[in-house]
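To start, the structure under review is shown below, and the notes come after it.
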Amino acid sequence: MDDSTDALHADPSHHRAQEQLAIDRIWDFADPAASEERFRAAAADETLTAHGRAVMATQLARAMGIQQREDEALAVLAELESADAGDSDEEAAELRARIALERGRMAAAGERVDEAVPEFTRAVREGALGGSTFLVLDALHMLALNDAGHEEEWAAEGFDILEGVRDPRLKRWGVALHNNLGWTKHDGGDAQAALYHFEKAVDAADRYGTAGQQHVARWSVGRALRTLGRTDEALEIQRALALARPDDPYVRAEIEALEPAPTEAEPTIEP
C-alpha cells in the first residue's frame, strides 16, 4: 500500500482532515477499473482503521458503479451499512452520508431521479451530522444536478456554505456548482445568466481547481458566448483550448460550428 492511505491510519486527530486527500490520490476517473483495484486493496488494508477501510469501500462501490456493475456496488454498500465501522457518532454519520451519495449517484446514472433525490437529501443531513462539509457540498451539487425545478435553491445553499470556508479543497466545489447552474440557465434559455455562472466557474477553477476543470469551465464560457452571438470571442477561446488539447472532440465541434464555412470559388470560363 502506498502512502496515499497514510492519512487514514489510526490517528483520529488526522484522518478526518486528510481523508479526502487520500481518496483523491487514489482516484483516476478516466480509469475506473484501475481505481477499483486500488480501492479494493485499500478497503482490505488492515493497517487502516475500520472506519478508514469502510470509507475506501464506498469508493470501491463508486468505481464499480461507474463501470455499470450496479448490483455488485449495491452489495458492497449494503454490507457496509450492516457493519459497525465507526468509532464515534460522527464517523457513523459520515459513513451513512457516503453510502447515500453512492446509491444516489447510481440511481441518477440510471435516470431513477425519484430514488436519487431522497438519497442525496439524506446525504446532506448525514454529512452535516458527521461534520463533513465536503460531503454536504457533494450532495448539494448532486441535488442541483438532479432535482428539477429546485436546482437554483440547492446551488444557493452550496454557495452560502462556500462563503464561510477557507479550505481550497472545499472551495473547489464552486467550480461544479457554478458550472452546473450555468447549464441549467443555458438550457432554460437564459444564456446571459449562464455566462455569469460559467465565468464564476472559471474563476473558481483557476484558484482551486484542476487543469481539467479549468479546461471545461472555459469551454462552457465559449459555448455561452456562441449562444449570445459573440462568435469572435467564442472562437478565440476555443482555439486557445485546441492548442492545449488538440484531440478534444467538444472543442473541435465548437470550432467547426463557429468558423465560417469556406466559400466556393465562382466558376470561370476560359477564353
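None of these values were measured; they are calculated from a predicted model. Numbers here are sequence positions counted from 1.
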[X] [atom1]: over 12 foreign heavy atoms closer than 6.0 Å:
| X | atom1 | result |
| --- | --- | --- |
| Phe159 | CZ | yes |
| Glu236 | CD | no |
| Asp187 | CG | yes |

Look at [X] together with [Y] and state whether they make a salt bridge at an N to O cut-off of under 4.0 Å.
| X | Y | value |
| --- | --- | --- |
| Asp206 | Arg218 | yes |
| Glu256 | Arg252 | no |
| Arg239 | Glu259 | yes |
| Asp138 | Arg105 | yes |
| Glu152 | Lys185 | yes |

Shortest non-hydrogen separation from [X] to [Y] and the atoms involved:
| X | Y | value |
| --- | --- | --- |
| Glu90 | Leu129 | CG-O, 3.8 Å |
| Ile255 | Ala242 | CD1-CB, 3.8 Å |
| Ala176 | His141 | CB-CD2, 3.9 Å |
| Ala73 | Ala61 | CB-O, 3.3 Å |
| Leu170 | Leu162 | O-CD2, 3.2 Å |

query: Can Trp219 and Glu254 be counted as having a side-chain donor-acceptor contact under 3.5 angstrom?
result: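 Checked: Trp219/Glu254 side chains show no N/O donor-acceptor pair below 3.5 Å.
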message: Nearest 0.5 Å, please: how far is OG1 in Thr49 from CD in Glu91?
response: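 If I round to the nearest 0.5 Å, the distance is 6.0 Å.
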field: Rounded distance (nearest 0.5 Å) linking atom OH of Tyr196 with atom CG of Asp190
entry: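 Rounded to the nearest 0.5 Å, the OH-CG separation comes out at 12.5 Å.
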